[in-house]
Amino acid sequence: MTAASSDHIKLSAFLITLFACLFAIGLSAAFADESTRDFLNGVELYNEGDYDAAVQNLLKVAESGIQNGKLFYNLGNAYFKAGDIGRAMLWYERALKLIPNDPDLRFNHDYVMTRLKDERVEKESPVFRILFFWKHVLSPLQIQWAGIILNCLFWGILAVRLVLKKRRILGVEGVLALVLSLVFILTSVYTCYENKFQQKAIIVSDEVSIRSGLSDDSTELFVLHAGTRVLVRKTSKDYYRIRFSEDKIGWVKAEDAEII
Amino acid sequence: MKHIFAILLILVGIPGMASGQDVTAHVDRTRMATGESARLSVTVAGQNAADVDTSPIVDFRVISQGTSSSINIVNGRTTSKVVYNYTIIPLKTGRLKIPSLPVRVDGIIHKTEPIDIFVTKQPQADPEQSDIFVTAEVSNSSPYSGEQIIYRFRLYSAVRIANAGFKELPDFSGFSAKQVEQKEAFQTILGGRKFIVNEVVYVLMPLSEGEKTIERAILSCDVAVRRKDGQRDSFGSIFNDPFFRGMRYETRIFQSKPVDVSVRPLPEPPPDVSFTGLVGHFQLRTELENREMKVGDSATLSVTIRGVGNIMDAGEPAIDVPEEFKTYQDTPEEEITVGLNGYQGKKIFRKALVPLKPGDFTIDPVEIAYFKIPEGEYRILSDSPISVHVSPAEEKKPMEVYSGNDEHLPKSLKRKVEFTGRDILPLKEGMDVLKNRRPLSIPFYAALIFVPAFIFIVLYAMLAVFKKTETPGTIMAERADKAIRDACRQDLPQVEFVSRLYCALVSSILAKADVKGETLTAGEVETILKSRGYSDEIADEACKILTDIESARFGGMEMDSGGRSNLFEKTRNIIRTLK
């Protein structure tokens, strides 16, 4: 192979890579434009009172992969106005996971709670809410970054003290940074655990029979209504094993409940 | 020869016949009447588990009563058997047959002998003559669609019983059934005999019209019966109590008769009646929290439907509120219980009314139509109209200022702020809605957490490596630099100042000798410096400065700022020279 042909192959490879990159950038920009258009259409339709169409447009944005608490809040609003209180609650709960301290979201969520038929039995202890206040103030992303920054700070302090040959490598500031970083890192880990193993779901059908087994012939144990939050203990084919309260456990069809 | 062959054949055949008799079936009676029960026992020799198939029995209802096993030792020979017990109840009269039952033992299927049982019609004897009997009845055998009826199953016993329990309950097909938790047990006198009556009650609601049959309920209980003569308990000496003596318990099965129910359709409601679907007996009450209101005030209008029947199906009645009021719906509240009279309770519908204009208004009476039982006719419930007087809202008074020593302070005018309307807050329309706020993935997050720790470990390792390459000379030179830097500080006391200068000078000279140490005499300084090739002048100058420092250090004379500065400059210069 000559040097000229080798150069030609290298040039071709470079051009193909360049075009591929440009194509990928263009494609992502196109998707971004489409999401923007859907979002603006959804807002316009909502303001015009066409709530069903607004839901469809906002859903398209959410289905494109965007996870944003404000988008989920808007979906909750659209569903509520469209008369679907179950899915309104579902999206408000999803939004609460991302922006737990948003006042508008809290207001709307609390209002929709007053419209539910089933009383929420298991409420979070105020003691836990005070002890782990940051979990209800910061979003999961903010907690993750707080953990990362404090962790860097801790190791930075350690490195400086090591270089300066301080007698005690872990000074007061090091201990403080370590405790704070551990708090935020462990909160992130617990949030991950909660999302994986302590899933919650919202009843989305108007009235649902919770049964003793995985068939329509099983005994009806109790009835839940749209918007009620339950703990998902087990998922089986087309059914969830749910827990509403200490003494109310049963199976619900997967189509009647959606994971938050 | 033929005889010998025949004897051998018989001897070989005996074990086969024995194994064929390993499984037997027998009943405790072969004559019975309808409504009675018999005990079927299938005995399997040995201790192996067996699978008895009772599906060929079609003329009887078969109820399993469990198994029992026994081991006998006679003359040193041990035999054992397992008995599978069943209760059988005839489904018709005549000569009925329990066919040959297949029993699988260790993978081999054995067959029992068929048994014939003669079943006669039950003589219409007065049940009150029996010691124990059961009945089943409904409160109304021809209810209307939507009308609740009460199903009562009663167990009458004039003798002692134990372990009473249902073997089979009717499935109440065609009805919605709810058992009444409140169980009844009472005494009654029938035919001059005292019976204890245990009652189980269900509230039934027909799901459709037409003829329906509630199947029979089957109950099993242990009945105390007197022992036959000579049949004494082998533990009689232990249980020598008159309470136990001469009595034993026998399991008996009782079944109620099926109950026929004919569900009638509701008659067509009159044309002017808007039927709500309520069937039973109900009352209506309408209340307004406050009949004297001001514009902007809020008052609750509540409509209570109370009664016996399908109260849970009550929908919200139409409430005609004048247009001058804004209304806010509240969630209905219900208190419904199930008792011996069926479903009863109340359902309350509430609305918050907020007047928008002053004046006198009338809220029209609320009306609901229901089908009244037992009259069997449509009735309309209505309450009287409600008059409301709305006065204009109060003008805001100018702010009054009260001094702290006012004796007659008016009561606080502050009021709790109440919602006058409820709705959700609007959409968030900013374009930041489209930014992805997804939390970091677990691997990426873990990497970001571990990277600083990794960098620190690398740094630590590097420092450890470099530390190993340090010589006593470099260490002492570093110490000299640090000490002279520290001595620069103006706020340092004199003792510390000269101590730092001493450390700096001695360390810099020891660095030249490449040894570690803390102190040196003037003679040692001179020897070290000369051996390292420094001139006599430099060695003498170093010895002189060392002597000056030691004088200041140990002499105790206070130095002025000029003296301090001079000594510092001399020390620094000699250290620079020695470098």
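From a predicted model like this one, the values you see are computed outputs, not experimental measurements. Residue numbers begin at 1 in each chain, while the letters A, B, ... track the order of the sequences. No hydrogens, no waters, no symmetry mates; every other heavy atom, side chains included, goes into these values.
- For A:I185, the parts lying near chain B are the backbone and the side chain together; criterion is any non-hydrogen pair under 4.5 Å.
- To the nearest 0.5 Å, atom CD1 of residue B:I449 and atom CD1 of residue A:I148 are 5.5 Å apart.
- The number of heavy-atom neighbours closer than 6.0 Å to CZ of B:F454, taken from other residues, nucleotides and ligands shown, is 12 or below.
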Let me see the donor-acceptor pairs closer than 3.5 Å between chain A and chain B, or none if nothing turns up.
unit_1: A:N47; atom_1: ND2; unit_2: B:E429; atom_2: OE2; d: 3.3
unit_1: A:G65; atom_1: O; unit_2: B:N436; atom_2: ND2; d: 3.3
unit_1: A:G65; atom_1: O; unit_2: B:R438; atom_2: NH2; d: 2.9
unit_1: A:Q67; atom_1: N; unit_2: B:N436; atom_2: OD1; d: 2.9
unit_1: A:Q67; atom_1: O; unit_2: B:R437; atom_2: N; d: 2.6
unit_1: A:N68; atom_1: ND2; unit_2: B:D432; atom_2: O; d: 2.9
unit_1: A:N68; atom_1: ND2; unit_2: B:V433; atom_2: O; d: 3.0
unit_1: A:N68; atom_1: ND2; unit_2: B:K435; atom_2: O; d: 2.6
unit_1: A:K70; atom_1: NZ; unit_2: B:D432; atom_2: OD2; d: 2.6
unit_1: A:Y73; atom_1: OH; unit_2: B:L425; atom_2: O; d: 3.3
unit_1: A:Y73; atom_1: OH; unit_2: B:P426; atom_2: O; d: 2.6
unit_1: A:N74; atom_1: OD1; unit_2: B:K428; atom_2: N; d: 2.8
unit_1: A:N74; atom_1: ND2; unit_2: B:K428; atom_2: O; d: 2.8
unit_1: A:N77; atom_1: ND2; unit_2: B:L425; atom_2: O; d: 2.9
unit_1: A:N77; atom_1: ND2; unit_2: B:P426; atom_2: O; d: 3.4
unit_1: A:K81; atom_1: NZ; unit_2: B:D423; atom_2: OD1; d: 3.1
unit_1: A:K81; atom_1: NZ; unit_2: B:D423; atom_2: OD2; d: 3.1
unit_1: A:D102; atom_1: OD1; unit_2: B:K428; atom_2: NZ; d: 3.2
unit_1: A:D102; atom_1: OD2; unit_2: B:K428; atom_2: NZ; d: 3.2
unit_1: A:D104; atom_1: OD2; unit_2: B:K428; atom_2: NZ; d: 3.4
unit_1: A:N108; atom_1: OD1; unit_2: B:L425; atom_2: N; d: 2.7
unit_1: A:N108; atom_1: ND2; unit_2: B:L425; atom_2: O; d: 3.3
unit_1: A:Q144; atom_1: OE1; unit_2: B:L440; atom_2: N; d: 2.7
unit_1: A:Q144; atom_1: NE2; unit_2: B:L440; atom_2: O; d: 3.3
unit_1: A:N151; atom_1: ND2; unit_2: B:I449; atom_2: O; d: 2.6
unit_1: A:S188; atom_1: OG; unit_2: B:Y445; atom_2: OH; d: 3.3

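- Here B:V433 is the residue among B:V433, B:L448, B:I455 with the most heavy-atom pairs under 4.5 Å with chain A.
- Looking at A:V61, the atoms closer than 4.5 Å to chain B (heavy atoms on both sides) all sit in the side chain, from C-beta outward.
- In this structure, chain A has heavy atoms under 4.5 Å from both the backbone and the side chain of B:L440.
- Nearest heavy atoms, B:P439 versus A:L141: CA-CD1, 3.8 Å.
- Of the residues listed (A:I66, A:L71, A:L40), the one engaging B:L434 in a side-chain contact (heavy atoms from CB on, under 4.5 Å) is A:I66, and it is the only one.
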